[in-house]
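Heavy-atom basis, side chains included; hydrogens, waters and symmetry copies ignored.
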Amino acid sequence: QVQLVESGGGLVQAGGSLRLSCAASGRTFSSYTATWFRQAPGKERDFVAGISWSSGSTYYADSVKGRFTISRDNAKNTVYLQMNSLKPEDTAVYYCAARPLGLVSTTSSAYDYWGQGTQVTVSS
């Protein structure tokens, strides 16, 4: 089991960048598939990006391909989301989610562990 805490959110102008971090407890995070979801006010929670536990293969929602990069540093038990060329449509609370050994899924119900979220606001 792991506990997840997100950080790095804030206010940025359109075209700017932010780097989100998801810090995990324990020493077994390397065996967890990790993802980022986001939820805007009044909207469903949507998949953003994922990284597999085994190969490190990455997956992205079409809306963020070419702009966002997910990565992990297992020595630090941390997953990152580098967000470039931000748009106002990216404004949301961003959540880190993880599951042991599983495939990357775009469905939020597939994940066992969630952080509390970090707010990202992109102004026009």
Rounded to the nearest 0.5 Å, how far does [atom2] of [Y] lie from [atom1] of [X]?
| X | Y | atom1 | atom2 | value |
| --- | --- | --- | --- | --- |
| Ile51 | Ser71 | CD1 | OG | 6.5 Å |
| Ser109 | Arg45 | OG | CZ | 11.5 Å |
| Leu103 | Tyr59 | CG | OH | 7.5 Å |
| Asp46 | Ser108 | CG | OG | 9.0 Å |
| Leu81 | Arg38 | CG | CZ | 9.5 Å |
| Glu6 | Gln116 | CD | CD | 7.5 Å |

Counting only N and O atoms by type, is there a donor-acceptor contact under 3.5 Å from the side chain of [X] to the main-chain atoms of [Y]?
| X | Y | result |
| --- | --- | --- |
| Ser85 | Arg67 | no |
| Thr33 | Gly102 | yes |
| Thr118 | Gly9 | yes |
| Thr121 | Leu11 | no |

Which is it for Lys65 and Asp62 under the salt bridge (charged side-chain N to carboxylate O under 4.0 Å, His left out) test, yes or no, and what are the steps along the way? CA-CA 5 Å; Lys65 285 181 179 178; Asp62 288 341; 3.1 Å; yes
Please check if the number of heavy atoms outside Gln119 that lie under 6.0 Å from its CD is greater than 12.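 Count over threshold, so yes.
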Contacts of type side chain to side chain donor-acceptor pair (under 3.5 Å), residue Arg99, not counting sequence neighbours: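 By the side chain to side chain donor-acceptor pair (under 3.5 Å) rule, Arg99 matches no residue at all.
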Please list, chain by chain and in numerical order, all residues satisfying salt bridge (charged side-chain N to carboxylate O under 4.0 Å, His left out) with Lys43, sequence neighbours excluded.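 By the salt bridge (charged side-chain N to carboxylate O under 4.0 Å, His left out) rule, Lys43 matches no residue at all.
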Is the closest side-chain heavy-atom distance between Ser57 and Ser52 below 4.5 Å?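 Yes, at least one pair of side-chain atoms sits under 4.5 Å.
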Measure the shortest side-chain to side-chain distance between Trp114 and Cys96 over non-hydrogen atoms and say whether it is less than 4.5 angstrom.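 No, their side chains stay 4.5 Å or more apart.
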Please find the pair of heavy atoms, one from [X] and one from [Y], that lie closest to each other, and give the distance.
| X | Y | answer |
| --- | --- | --- |
| Ala34 | Val79 | CB-CG2, 3.6 Å |
| Ala24 | Val2 | CB-CB, 4.5 Å |
| Ser124 | Ala14 | CA-CB, 4.5 Å |

Side chains of residues 15-22: which donor-acceptor partners sit under 3.5 Å, not counting sequence neighbours?
residue: Ser17; atom: OG; partner: Asn84; partner atom: OD1; Å: 2.9
residue: Arg19; atom: NH1; partner: Gln82; partner atom: OE1; Å: 3.2

With a 6.0 Å cut-off on the ring centroids, do Phe37 and Phe47 count as close?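 Yes: the rings meet the under 6.0 Å criterion.
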Just do the side-chain contact (heavy atoms from CB on, under 4.5 Å) check on Ile70 and Tyr80 with the steps written out, would you? CA-CA 6 Å; Ile70 187 171; Tyr80 303 98; over 6 Å; no
According to a 4.5 Å side-chain heavy-atom criterion applied to Ile, Leu, Val, Met, Phe, Trp and Tyr, with indirect links allowed, do Leu86 and Tyr95 form part of one hydrophobic cluster?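 No, no single cluster joins them.
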Does Val93 share a hydrophobic cluster with Trp36, counting links as ILVMFWY side-chain heavy atoms below 4.5 Å and allowing steps through other members?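 Hydrophobic grouping puts Val93 apart from Trp36.
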Step by step, work out the side-chain contact (heavy atoms from CB on, under 4.5 Å) result for Met83 and Val120. CA-CA 10 Å; Met83 306 187 295; Val120 172; 3.8 Å; yes
Any chance you could lay out the side-chain contact (heavy atoms from CB on, under 4.5 Å) test for Trp53 and Ser30, step after step, and finish with the verdict? CA-CA 6 Å; Trp53 73 270; Ser30 62; over 6 Å; no
May I ask you to decide if the ring planes of Phe68 and Tyr94 are parallel, tilted or perpendicular, using 30° and 60° as cut-offs?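 Tilted.
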